[in-house]
Amino acid sequence: LMENRTLVEVARIDSDPFYIFNFPGSMEVAAVFRPEVRMKKGLIRRGPKIPENVFHADVGDKLVFFLGAEPNLRWQRFADSIFELCERVGVKRIVFVGSFGGTVPHTREPRLYGSISHAHLEAILSSHNLRASDYSGPSSFSTLLIAEAPARGIEMVSFVAEIPGYLNGENPLSIEAVSRRLAKFLNQPIDLASLREASNAWEAQVSEAVQKDEELAQTVRKLEEAYDNELIGQTDTEA
């Protein structure tokens, strides 16, 4: 967490119009969309967990933080809501952080990729050791924001970590990698000790589970070899 930071909630985007909470078909499909709930002894302990989209501001450092979930519906309206908030409070640059499933093994440092809204921001990628994204395929909501940012008079940079495609759930290692890069970019101190501890515990737990599955263990070894060979190739090129 950023040290000595006081955040004030300044706005929310109503979640109801933007998400699918049920989907016709089998329960396996519907379960992907239904909000999670936790019950114990017949009593609801938590939920249903509806996605929240909240803006917080740090007036002292002139930063606005937005934490939300990618909308299922009405992307343009959702984007308009974000850009409207930016206009109201004077945001000039958006920095998106996220992740995607790829071929990086869980035993290696996540590769980080970057996208930019303007050509003059290209130097940011190299100075922060971000690989420029080369991609064609289905778009994410953040890509829509990057595409529309210039017309709104806003710069946008995307920091995205590659995480193991064979794993699900929270990935502390990628969160740590992105947070470290973001702290440098924003010139803001972040205490990463708790994330480093969580990353070490997570890696050990995943490695133990992988070793119990010979097929998965073999896949991980192949990914490690490919990762290391690519790293060696880059070192040779730089030399």
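Computed from a predicted model, the values in this text were never measured in an experiment.
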(Q) Contact between D191 and S194 at the side-chain level, heavy atoms closer than 4.5 Å - yes or no? (A) no
Does the side chain of Q76 reach to within under 4.5 Å of the side chain of E148, using non-hydrogen atoms? yes
Output for pair (L195 CG, N200 CG), nearest 0.5 Å, gives 11.0 Å
**Prompt:** Would a 4.5 Å heavy-atom cut-off, applied to side chains only, mark L73 and P17 as touching?
**Reply:** no
Minimal heavy-atom distance between V104 and P110, with the atoms involved, is CG2-CA, 4.2 Å
Exercise for the section: Indicate yes or no: at least one non-hydrogen side-chain atom of T103 is less than 4.5 angstrom from one of Y227. Expected result: no
Quiz prompt | Derivation of the side chain to side chain contact (heavy atoms under 4.5 Å, CB included) call for H106 and L173 | solution = CA-CA 8 Å; H106 71 278; L173 192 62; 5.9 Å; no
Smallest heavy-atom separation, P164 atom then N171 atom, equals CD-ND2, 3.4 Å
Item checked: Check: Y135 ring centre within less than 6.0 Å of Y113 ring centre -> no
Residue E70 excluded, over 12 heavy atoms near CD under 6.0 Å: yes
Would F83 end up clustered with L144 when hydrophobic side chains under 4.5 Å apart are linked, directly or stepwise?
-> yes
How about F23: does its CZ atom have over 12 heavy atoms from other parts shown lying under 6.0 Å from it?
no
Give the cluster check for Y19 versus I82: same hydrophobic cluster or not, with ILVMFWY residues linked at side-chain heavy-atom distances below 4.5 Å.
yes
Inspect the contact between R221 and E225 and indicate whether a charged nitrogen and a carboxylate oxygen are less than 4.0 angstrom apart. no
Closest non-hydrogen contact found for N72 with I20 is OD1-N, 2.9 Å
Count the heavy atoms belonging to other residues, nucleotides or ligands that lie under 6.0 Å from CD of E215, then report whether that count exceeds 12. no
In this structure, CZ of F141 is separated from CZ of F78 (nearest 0.5 Å) by 5.5 Å
| request: Examine V64 and L186 and state if one hydrophobic cluster contains both, with Ile, Leu, Val, Met, Phe, Trp and Tyr joined whenever side-chain heavy atoms are less than 4.5 Å apart. | output: no
### Message
Using a 3.5 Å distance criterion without hydrogens, assess whether the side chain of E36 forms a donor-acceptor pair with backbone atoms of G47.
### Response
no
Evaluate whether atom CZ of R38 has more than 12 neighbouring non-hydrogen atoms of other residues, nucleotides or ligands under 6.0 angstrom away. no
Around atom CD of E109, are there more than 12 heavy atoms of other residues, nucleotides or ligands at under 6.0 Å? yes
The reported gap from CZ in F96 to CG in L182 (rounded to nearest 0.5 angstrom) is 12.0 Å
Scanning both residues in full, the closest heavy-atom pair of H128 with R181 reads O-NH1, 2.9 Å
*Could you go through the side chain to side chain contact (heavy atoms under 4.5 Å, CB included) check for M27 and R34 one step at a time?*
CA-CA 10 Å; M27 179 53 69; R34 292 189 178 190; 3.7 Å; yes
Next item on the list: Check whether any side-chain heavy atom of L223 lies under 4.5 Å from a side-chain heavy atom of Y166, and answer yes or no.
Entry: yes
Minimum side-chain heavy-atom gap F100-S174 below 4.5 Å: no
| task | Assess whether side chain to side chain contact (heavy atoms under 4.5 Å, CB included) is satisfied between L130 and L112, documenting all intermediate values. | result | CA-CA 5 Å; L130 297 169; L112 267 67; 3.6 Å; yes
- Task: Flag the pair V54 / L67 as yes when at least one side-chain heavy-atom distance between them is below 4.5 Å, and no otherwise.
- Result: no
message: Side chains of L192 and S179, heavy atoms from C-beta outward: is any pair under 4.5 Å?
response: yes
Partner of F66 under side-chain contact (heavy atoms from CB on, under 4.5 Å), picked from I94, I13, V91, is I13
Check your understanding: Is it true that a side-chain atom of S133 and a backbone atom of G114 form a donor plus acceptor pair closer than 3.5 Å?
Key -> yes
- Message: Can you confirm whether L43 is buried at CG, in the sense that more than 12 heavy atoms of other residues, nucleotides or ligands lie under 6.0 Å from that atom?
- Response: yes
If Ile, Leu, Val, Met, Phe, Trp and Tyr residues are connected whenever their side-chain heavy atoms lie under 4.5 Å apart, and connections chain through other members, are L63 and V89 in the same group? no
Flag yes if V97 and L121 sit in one hydrophobic cluster, no otherwise; membership is Ile, Leu, Val, Met, Phe, Trp, Tyr, and two members link when side-chain heavy atoms are under 4.5 Å apart. yes
Subject >> Basic-acidic side-chain contact under 4.0 Å: E230, R108 >> reply: no
To the nearest 0.5 Å, atom OG1 of T219 lies from atom CG of D213 at 8.0 Å
Next item on the list: Check the pair E170 / W202 against side chain to side chain contact (heavy atoms under 4.5 Å, CB included), numbers first and verdict last.
Entry: CA-CA 9 Å; E170 189 174 277; W202 173 85; over 6 Å; no
Legend entry - Backbone of M156 reached by a side-chain donor or acceptor of S117 within 3.5 Å: yes
So CG of N129 and CZ of R111: to nearest 0.5 Å the spacing works out to 12.5 Å
Joining Ile, Leu, Val, Met, Phe, Trp and Tyr whenever any side-chain heavy atoms lie under 4.5 Å apart, the cluster holding I44 also takes in V37, M39
(message) Using a strict threshold of under 4.0 Å (side-chain N to carboxylate O), is an ion pair present between R74 and D80?
(response) no
Shortest non-hydrogen pair, E176 vs S199, comes out as OE1-OG, 3.0 Å
Tightest non-hydrogen contact, residues A11 and L85, listed as CB-CD2, 3.9 Å
Does N22 have more than 12 heavy atoms from other residues, nucleotides or ligands lying within 6.0 Å of its CG? yes
Between the CZ atom in R12 and the CZ atom in F55, the distance rounded to the nearest 0.5 Å is 11.5 Å
